Protein chains: 2
Amino acid sequence: MADPMAKISYDLIIIGAGPSGLVAGLYAGRYRLNTLILERIAVGGQIILSHSIENFPGFPGGIATSELIERFKKQVDDLNIPIKREEVLGISPRDGIYNIKTKDGNYETKSVIIASGTQPRPLGVGGEDRLIGRGVSYCGTCDGPLFKNKEIVVVGGGDRAIEEAIFLSGYASKVSLIHRRQGFRASKILEESAKNNPRINFILESVIEEIVGQNKVEGVKIRSLANNSLRELGCQGVFIFVGITPNTAFVKGQLQMDEAGFIITDEDLNTSLKGIFACGDCRKKSLYQVINGCGEGAQAAHSVHKYLQ
Amino acid sequence: MADPMAKISYDLIIIGAGPSGLVAGLYAGRYRLNTLILERIAVGGQIILSHSIENFPGFPGGIATSELIERFKKQVDDLNIPIKREEVLGISPRDGIYNIKTKDGNYETKSVIIASGTQPRPLGVGGEDRLIGRGVSYCGTCDGPLFKNKEIVVVGGGDRAIEEAIFLSGYASKVSLIHRRQGFRASKILEESAKNNPRINFILESVIEEIVGQNKVEGVKIRSLANNSLRELGCQGVFIFVGITPNTAFVKGQLQMDEAGFIITDEDLNTSLKGIFACGDCRKKSLYQVINGCGEGAQAAHSVHKYLQ
């Protein structure tokens, strides 16, 4: 916990300890920058919501996300970069220095890397909020084991939705994958794998209109976009993977962002404020993967190094 | 070897099997694109000229570059993406298809990723060309063991030069690191490590004017930029790490490049020709590291996937 009166001055504060923030820390440490990493919830970020990752280069056959993050963290620890669990509330510039206000105090720093990532986007239908933790979930790894031999639905059409459907089919007796379109954004290899899985059935061109149940999920109301028909499907779990929202509210109005709140940077990851950089999933970009988030972490630290010189 | 008459048509041909090209292959395979990788010399590219890498995320304590590349290659092999050893001579567009001419034949493809990397830049002084392989080297890993208990010089001021000086101090009895400036571009952690190494001494603000020796290196003529004096230093080896030149001659005049021949792309890695993408060290960018080359490989494959849809 920061002493509210202390003004420890850093070369660099990294906000977020997901893959991109950790790699920024690794590079900053090698540049010998006096660096602090602040993390709101848990080291690893969104990736630890997935059980494993198959497409990170260097790990044939895949690796558990918890192990990958442990390896990243070891590299940061070896450079003696501290990681503190504190939520950042705001950044204020003063005389070329930035003051970082957290829930526990204040820090001063010459530069900032925002690697604050994203959180799951809600579906926005009736029953969703009320039934979170009572059958509504945004994380297969966390909650899958609770649905052994139960029937569940998975919502979404990207890589994450299909990966989670496959993972959840290891617990649930039946997984219905509901997607608003015929085609998937997911990579073909995942789509094929789901289609060959006898426990997964596809409900395409369809959307959930309501999640029903009193104290726990009992079913979903599904609207077909093909013929506009409405039907109810009984289930005990609803897993929602319909996109991500950036964790950038603490700099809203200060930095240039797109409408959804993703931070706009140039190729060297400068934001619209000098000395503040952004990398990883909180950035506006076209591919949201661990490997390019890591590449951006290295680039952001490099840009800070040049900026401080 | 390609049949000169055959016109096998691919979704994607990746030129170069260094880290960036291999990761592009890994992602292309997961998108189920019919992909071929062409490599001129050896899988791994420039990175295998270094003995090990410390800053690739996921490998605390570092990993031998040969092992890292083997791991990348295994992931590509697992997806049944072929890697052929053929040198690309040119690319010609025809009706939305690209014809790739190699030394051994022709291939047709709907899209191309250029990941052809770089090669070492020569110092450009007298004696250099004549004494290559006779004491002049661009690769510590390759040639270091030949200089056991000998005196050598290392030229350059970036990460690579310092890494190699440290590595070579394990063989040579004395390493003189010659750099034209007082300060280093290398990361501080490397600079400190070299400065604490009793076998490495620094000759700063100095340049080599000539490499001397009849049939093998016998010394170097060093000009001080501080006081313009010239002196000769006896040595048996000269290791040169003064930058890189992109391997892009086969597309010169076709794609937009900077003066040095680095390919100019947008953030999604489109080159100036539709359907041709570039990633890794052959691109104009500000940081040349394995991790961001890998991130770009993923991005390039993603951009191809979108382009083909």
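Every value quoted in this text rests on a predicted model; they were computed, and no experiment measured them.
Options Leu26(B), Leu33(B), Asn55(B), Ile69(B) differ in how many heavy-atom pairs under 4.5 Å they form with chain A, and the most are formed by Asn55(B). Taking chain B as the reference chain and counting heavy-atom pairs below 4.5 Å, the highest number among Arg283(A), His305(A), Glu296(A) is found for Arg283(A). For chain A, the option among Glu67(B), Glu192(B), Arg32(B), Lys188(B) with the highest count of heavy-atom pairs below 4.5 Å is Arg32(B). Taking Leu287(B), Asn292(B), Val23(B) one by one and counting their heavy-atom pairs under 4.5 Å with chain A, the maximum is reached by Leu287(B). Of the listed residues (Glu191(A), Lys74(A), Lys285(A), His302(A)), the greatest number of heavy-atom pairs within a distance under 4.5 Å of chain B belongs to His302(A).
Heavy-atom distances place the side chain of Leu79(A), and not its backbone, under 4.5 Å from chain B. With a 4.5 angstrom heavy-atom cutoff, Glu54(A) touches chain B via backbone and side-chain atoms both. Of the two parts of Gln299(A), the backbone and the side chain both hold a non-hydrogen atom closer than 4.5 Å to a non-hydrogen atom of chain B. Interface residue Lys306(B): only side-chain heavy atoms are found under 4.5 Å from chain A.
Environment of CZ in Arg180(B): sparse, with no more than 12 heavy atoms of neighbouring residues, nucleotides or ligands closer than 6.0 Å.
Between Gly58(B) and Leu68(A), the shortest heavy-atom distance links the atoms CA-CD1, 4.5 Å. When all heavy atoms of Ile291(A) and Ile291(B) are compared, the closest pair comes out as CD1-CD1, 3.6 Å.
Put simply, the side chain of Gln75(B) gets close to the backbone of Phe56(A): a donor and an acceptor are under 3.5 Å apart.
Contact check for Arg30(A) versus Leu190(B): side-chain heavy atoms found under the 4.5 Å cut-off.
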